[in-house]
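Throughout, protein chains are lettered first and strands after them, A, B, ... in sequence-line order, and every chain is numbered starting at 1.
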Amino acid sequence: MRFAPSPTGNLHAGNVRTALLNWIFAKQQNGVLILRIEDTDQVRHVIGSEEGIATDLNWLGIEWSEGPDVGGEFGPYRQSDRLKIHEEYAERLLREGSAYKCYCSEEELQMEREKALANRLPPRYNGKCRDLSAEEEKKKISEEIKPVLRFKVREGEVSFVDLIKGEISWKLDNIGDFVILRSNGMPSYNFAVVIDDALMKISHVIRGEGHVSNTPRQLLIYEALGFKIPKFAHTPTILNKEKKTLSKRHGALSIKRYREEGYIPDALVNYLSLLSWSSESGDDILSRERIVDEFSFSRMSSSSAVFDDDKLLWMNGQYIRALKSEDLLNLSLPILENSGYTTQNLESTAKILEAVKGNLTKMSDLPQYVELFYKSEVEPDGAAERELIEKEESKQVFNNFINGVEKYNEISADDFKEIMKQVQNDTGIKGKNLWMPVRIALTGQSHGPELPMLIEFFGKEEVVSRIKKVMGS
RNA sequence: GGCGCGUUCGUCUAAUGGUUUAGGACGCUGGCCUCUCACGCCGGUAAUAGGGGUUCGACUCCCCUACGCGCUACCA
């Protein structure tokens, strides 16, 4: 298996899904995953994107055993470093008569194309230079035109069985002689992939559906060179909310963004695995082990899927809630410190996290939920809150509550519930009128985590002092 | 234009000719959980693109149309 991204920007959900599928399948088959960088287009090459790709994959736990960084017996793993190899095979095709030099200029070709289009004909290369006589060729050479190498497409048809889409076939008269070596000496994509995949002994080519139409050209090259043809699996496209195919611009659905916003890698992996694939069990929350174990191409749908951020968010929340408190703590510490909160006391930090765990769908939400735990002074949030705690009824609640609390040395969550029951009995006040004054006195806000949990966190003294403060004002 | 691929609730999907009043999940929504925001639990909403065939029977097979996407590059 191999994942072969081009270094033209950050990884997005589509790229990464392909990488993930390769990883899953390699893992399941006890196979080897190769990372190969396809950088034959220097114009679109973006500096630093190779590192970015590695960072994203590492973060998601997609590991490869051969690649430009780790080496391996089938290297080099950067396509631009394989030029000699590509040239060698191009020459062989030329020698064997499967390819020929073409001297047509871009302007010429462009004109031909427009003419064909105007006549409502397929805009294909017309094979002009296919059978150039020795004389004509000599003339072209003397004109110092740098030729490209074109592959001579045979007659008949080609077909293959896609692991996801089933049998696909083409009549070859629909395909024009295509370029395998550009005039600058660089191989074209369709040529280089075949050489590299064959030489790296790739057994399964798992790639995006956009490549389906490239496959007949590649099959022809495999054929001409006598290479063993790998199995192909073309994965459906992932679309954004506007149902457009993902682009590298605008950072849309970029993996980097998910990493920075504190998504759990496992959650993203899980969500991505469920795009165009489903477990036979019907379960949604699946561990990596289960995905690897249960995956099969036959359960993959062949239509494109829209990436749904809402569902990802939900799933991420599920993973956060399932986190062991130790792991949650480790994940949270840097975020809290970044927001300026002191986390010296690990025990109490863990308690805070436990209290807000249920509210989180992504870790970057954490600061807004923990704020009230770090405040030492509390002021009622708004007019409505202020009004409520100044009501006569509320003062009754406070008095009674303090009396109740004083009977304890420490108050646990259960003690608190007992006390509240007692207050309700004594005052006859219940429901909102009973609980809200306490909440506001303690936190200043009408929203927040469960009160018993809060009480336990603050402890008796803090609780009493906060209530007294409100009563005095 | 040609060729290829695709089309089940808003979204991800299940059902690979009969077990189906088309199932689950997200979202939305109603209720419950002594207060709120959440969590959790229980319920509701909503789909086979359209038209022809084949068949006793079609989401499932075939054809046509529509729509979307890809390739048709000296991009990958």
Side-chain angles (χ1 to χ4, degrees), chain A residues 4-8 38-41 43-44 79 102 104-106 109-110 113 116-125 146-150 162 165 168-171 173-176 178-190 192-193 207-217 234 236-237 239 241 243-245 271 274-280 282-285 298-299 301-315 317-318 321 356-361 369 417 420-421 424 430-440 443 445-451:
Chain A
S6 55
T8 54
E38 313 221 312
D39 56 350
T40 52
D41 182 358
V43 178
R44 298 203 314 171
Q79 210 159 47
C102 168
C104 298
S105 69
E106 280 198 59
L109 293 173
Q110 183 62 34
R113 212 173 293 136
L117 241 23
N119 293 326
R120 297 157 65 91
L121 284 161
R124 275 199 307 273
Y125 178 66
K146 283 213 174 121
V148 300
L149 209 57
R150 283 187 188 272
D162 190 277
K165 293 172 183 291
I168 304 176
S169 64
W170 293 264
K171 290 195 174 56
D173 47 17
N174 289 314
I175 296 170
F178 55 94
V179 172
I180 57 177
L181 218 56
R182 299 181 243 180
S183 54
N184 67 2
M186 288 295 234
S188 71
Y189 166 74
N190 278 311
V193 253
R207 69 203 334 179
E209 157 176 81
H211 291 287
V212 170
S213 318
N214 286 318
T215 311
R217 288 173 252 277
H234 288 99
T237 314
L239 308 173
K241 257 213 151 70
K243 302 205 179 194
K244 297 280 185 224
T245 61
Y271 178 71
L274 252 28
L275 250 26
S276 300
W277 177 79
S278 62
S279 155
E280 200 170 357
D283 294 345
D284 277 319
I285 305 290
S298 64
R299 286 196 63 81
S301 105
S302 51
S303 49
S304 31
V306 175
F307 192 98
D308 182 4
D309 264 309
D310 284 338
K311 187 157 182 177
L312 202 216
L313 220 43
W314 167 79
M315 189 166 274
Q318 296 294 309
R321 253 151 262 138
V356 300
K357 199 175 182 178
N359 292 72
L360 299 174
T361 52
Y369 289 111
K417 287 183 205 168
M420 290 302 277
K421 234 176 239 166
Q424 181 183 328
K430 59 184 176 180
K432 232 183 177 105
N433 294 329
L434 171 66
W435 294 82
M436 256 318 156
V438 179
R439 170 176 293 286
I440 293 167
T443 70
Q445 297 165 3
S446 48
H447 299 311
E450 286 170 33
L451 234 19

### Task
Using only heavy-atom distances, decide whether a donor-acceptor pair under 3.5 angstrom links the side-chain of A:N214 to the base of B:A76.
yes

### Query
Is there a Watson-Crick or G-U wobble partner for B:G40 with both distances under 3.5 Å, and if so, which one is it?
B:C32

### Message
By the 4.0 Å heavy-atom rule, please label A:H211 as base, sugar-phosphate, or nothing.
### Response
base

## Note on the structure
For A:P216, the side-chain contact (heavy atoms from CB on, under 4.5 Å) test, sequence neighbours excluded, returns A:V158, A:W170, A:I175

### Task
Please give the nucleotide sitting opposite B:A46 as a Watson-Crick or G-U wobble pair, both distances under 3.5 Å, or none.
none

## Note on the structure
Protein heavy-atom contacts under 4.0 Å, written 5' to 3' over nucleotides 35-50 of chain B as B (base), S (sugar-phosphate only) or - (none), form the string BBBBSS----------

### Message
I'd like to know whether NZ of A:K146 has more than 12 heavy-atom contacts from other residues, nucleotides or ligands below 6.0 angstrom.
### Response
no

### Query
If pairing requires Watson-Crick or G-U wobble contacts with both distances under 3.5 Å, which nucleotide is the partner of B:C67?
B:G6

### Message
When you measure only distances, ignoring hydrogens and angles, does the side chain of A:T245 come within 3.5 Å of the base of B:C69 through a donor and an acceptor?
### Response
no

### Query
Taking protein heavy atoms under 4.0 Å as touching, what does nucleotides 4-10 of chain B look like 5' to 3' if B marks base contact, S marks sugar-phosphate-only contact and - marks none?
SSSS---

## Note on the structure
Residues passing the side chain to side chain donor-acceptor pair (under 3.5 Å) test with A:N174, sequence neighbours excluded, are none

### Query
Any side-chain heavy atom of A:L109 within less than 4.5 Å of one from A:Y125?
yes

### Query
Which residues satisfy the side chain to side chain donor-acceptor pair (under 3.5 Å) test with A:D39, sequence neighbours excluded?
A:S80

### Message
So A:V193 and A:E38, do their side chains get closer than 4.5 Å, heavy atoms only?
### Response
yes

### Message
From C-beta outward on A:Q424, which listed nucleotide comes closest to its side chain: B:U34, B:A14, B:C74?
### Response
B:U34

### Between OG on residue A:S279 and CZ on residue A:R299, distance to nearest 0.5 Å
7.0 Å

### Query
NA contact type, A:R207, heavy-atom cut-off 4.0 Å: base, sugar-phosphate, or nothing?
nothing

#### Entry: Counter-base of B:C59, judged by Watson-Crick or G-U geometry with both distances under 3.5 Å
none

### Query
Just to confirm, is there a sub-4.0 Å distance from OP1 or OP2 of B:A73 to any side-chain nitrogen or oxygen of A:R217?
no

#### Entry: Residue list, side chain to side chain donor-acceptor pair (under 3.5 Å) with A:T237, at least two apart or on another chain
A:E209

### Task
May I ask you to say what A:E106 touches in the nucleic acid, namely base, sugar-phosphate or nothing, with a heavy-atom cut-off under 4.0 Å?
base

